[in-house]
Amino acid sequence: MATIKNVAQYIHELLDVDAFKDYAPNGLQVQGKEKLKKIVMGVSATQAFIEAAIEKEADAILVHHGWFWDKEDPRIIGMKHKRLQLLMEHDINLLAYHLPLDAHPELGNNAQLAKVLDIHMEDVMDGQGVGNYGRLDEYMSLEELGQSIEKKLGRKPMLINAGDHAIRRVAWCTGGAQGYIDKAAKAGVDAYISGEISEHTTHTARENGVHYIAAGHHATERYGVQALGEHVAAKFGLLYEFVDIDNPA
């Protein structure tokens with residue numbers, strides 16, 4: 001039978017966790033039962049997700065957004081206390097992987113989003129491998145690409161038009177990576193895709209002639225954790241299930 005120690009160690013090595021400088025601890029964040037039968041995956045370790053995982057009799061939950069972020073209040077009070085109490089009452093392990101899950105070349109958020117959106121990956125955007133460059137099969141207008149993304153992700157993206165050029169070469173980074181648009185612009189891509197948008201993102205896109213697509217933080221980061229969970233479940237003979245807690249952000 002799989003143990004939390006064996007599973008956590010395997011994921012640690014698979015995602016090369018030690019290679020990343022991150023904003024939160026990656027790996028086992030809350031310890032629960034030793035032996036595992038079922039793992040439930042989700043984007044964020046919210047109270048609603050934990051409650052759903054309890055109903056599904058999870059022994060461990062695997063998420064992209066865990067807890068204990070830099071600069072947050074470290075006290076276990078209020079919302080954090082309620083979440084932690086639920087996990088500990090039901091002896092459920094919490095495994096969370098942030099940047100290492102974004103960057104994995106096969107199971108990561110960016111690699112999996114590329115598969116969903118039919119983008120051919122060519123290169124990485126930074127030294128940690130977070131974000132990618134690639135190409136579409138054929139040229140598309142901004143509106144056509146936006147419609148394709150809406151159909152595939154089930155969420156209408158925000159489109160920032162930066163000219164009348166068609167799109168073939170793209171860059172992308174899931175989640176809150178709108179700041180990477182500067183890297184995308186320097187690389188000369190036609191469009192950059194991320195999850196969120198800031199006020200300055202619009203101006204950067206327009207002034208650099210790079211179309212920008214904000215496809216949703218949650219919507220772009222549903223796929224890596226599913227791929228990782230399915231991989232781990234197959235490796236250790238675990239039951240698994242993905243729970244999607246809706247988030248319009």
Side-chain angles (χ1 to χ4, degrees), residues 43 64-65 98-228 242 244 246-249:
V43 177
H64 180 48
H65 300 134
H98 188 231
L99 293 183
L101 182 57
D102 285 324
H104 193 274
E106 296 179 10
L107 303 174
N109 281 321
N110 289 299
Q112 290 296 312
L113 184 64
K115 290 182 178 181
V116 173
L117 299 184
D118 297 318
I119 303 173
H120 300 286
M121 294 176 60
E122 294 180 341
D123 203 354
V124 297
M125 294 186 73
D126 72 3
Q128 291 193 107
V130 179
N132 295 88
Y133 300 109
R135 291 181 181 273
L136 304 175
D137 283 328
E138 57 186 9
Y139 281 98
M140 303 177 74
S141 69
L142 177 61
E143 292 70 24
E144 288 171 336
L145 181 54
Q147 290 170 3
S148 175
I149 290 173
E150 181 178 359
K151 181 178 180 180
K152 291 169 180 175
L153 300 188
R155 179 189 189 278
K156 187 176 181 64
M158 180 181 291
L159 308 179
I160 303 301
N161 191 309
D164 59 3
H165 59 281
I167 299 168
R168 181 76 183 277
R169 189 161 185 257
V170 298
W172 70 99
C173 189
T174 65
Q178 60 268 46
Y180 273 29
I181 192 172
D182 294 309
K183 295 178 183 289
K186 289 178 181 178
V189 299
D190 303 314
Y192 176 56
I193 305 166
S194 189
E196 298 183 15
I197 187 169
S198 298
E199 191 273 344
H200 64 82
T201 314
T202 298
H203 306 301
T204 302
R206 289 173 177 168
E207 293 174 32
N208 284 283
V210 177
H211 297 305
Y212 183 67
I213 301 172
H217 194 135
H218 180 86
T220 57
E221 295 199 319
R222 290 179 297 197
Y223 305 102
V225 73
Q226 292 184 66
L228 176 61
F242 174 69
D244 190 19
D246 181 63
N247 187 337

message: Donor-acceptor check, side chain of T220 to backbone of G216, threshold 3.5 angstrom: yes or no?
response: yes
- prompt: Can any side-chain N or O of D123 pair as donor or acceptor with the backbone N or O of Y133 at less than 3.5 Å?
  reply: no
field: D126 and Y180 side chains, donor-acceptor separation under 3.5 Å
entry: yes
- request: State whether the side chain of D190 and the backbone N or O of R169 hold a donor-acceptor pair below 3.5 Å, judged by distance alone.
  value: yes
- request: Classify the ring geometry between H211 and H165 as parallel (under 30°), tilted (30 to 60°) or perpendicular (over 60°).
  value: parallel
- request: Taking all heavy atoms of Y223 and all of K152, pick out the closest pair and write down the distance.
  value: OH-O, 3.9 Å
Side-chain H-bond candidate by donor/acceptor type, H218 with D246, under 3.5 Å: no
task: Mind checking the CD1-CE spacing from I213 to M158? Nearest 0.5 Å is all I need.
output: 12.5 Å
field: Test item: I119 and I193 side chains (from C-beta on) under 4.5 Å apart, heavy atoms
entry: yes
Validation row: R155, E150 side chains within 4.5 angstrom (heavy atoms): no
- prompt: Looking at V210 and A185, what are the two nearest heavy atoms and their distance?
  reply: CG2-CA, 3.9 Å
field: E144 side chain near E138 side chain, heavy-atom distance below 4.5 Å
entry: no
message: Test your reading of the model: is there a side-chain donor-acceptor pair from R135 to the backbone of E122, 3.5 Å cut-off?
response: no
query: Would you say L159 and L145 make side-chain contact, with heavy atoms under 4.5 Å?
result: no
message: For the backbone of A177 and the side chain of S194, can you confirm whether one donor and one acceptor N or O come within less than 3.5 Å of each other?
response: yes
message: Quick one, I160 and Y192 - any side-chain contact, counting heavy atoms below 4.5 Å?
response: no
Non-hydrogen atoms of N161 and L142 that approach each other most closely: CA-CD2, 3.6 Å
message: Could you measure the distance from the CD atom of Q147 to the NZ atom of K156? Nearest 0.5 Å is fine.
response: 7.5 Å
query: Say you draw a straight line from CG of L113 to CE of M121; how long is it, rounded to the nearest 0.5 Å?
result: 10.0 Å
Considering all heavy atoms, the nearest V43-E221 contact: CG2-O, 3.6 Å
- request: Locate the shortest heavy-atom distance separating P157 from I149; write the atom from each residue and the value.
  value: CG-CG2, 4.2 Å
- prompt: Can any side-chain N or O of R206 pair as donor or acceptor with the backbone N or O of A162 at less than 3.5 Å?
  reply: no
Interatomic spacing from CE in M140 to OG in S148 - rounded to 0.5 Å: 4.5 Å
- request: Answer yes or no: is there a side-chain heavy-atom contact under 4.5 Å between L101 and L228?
  value: yes
- prompt: Heavy-atom distance under 4.5 Å between the side chains of K186 and N208, does that happen here?
  reply: no
message: If you compare all heavy atoms of A111 against all heavy atoms of P105, which two are closest, and at what distance to 0.1 Å?
response: CB-O, 3.3 Å
- prompt: Is any side-chain heavy atom of N110 less than 4.5 Å from a side-chain heavy atom of W172?
  reply: yes
statement: Value for NE2 (H104) from CG (N109), rounded to nearest 0.5 Å, stands at 12.0 Å
message: For the CD atom of E207 and the OG1 atom of T202, what is their distance to the nearest 0.5 Å?
response: 10.5 Å
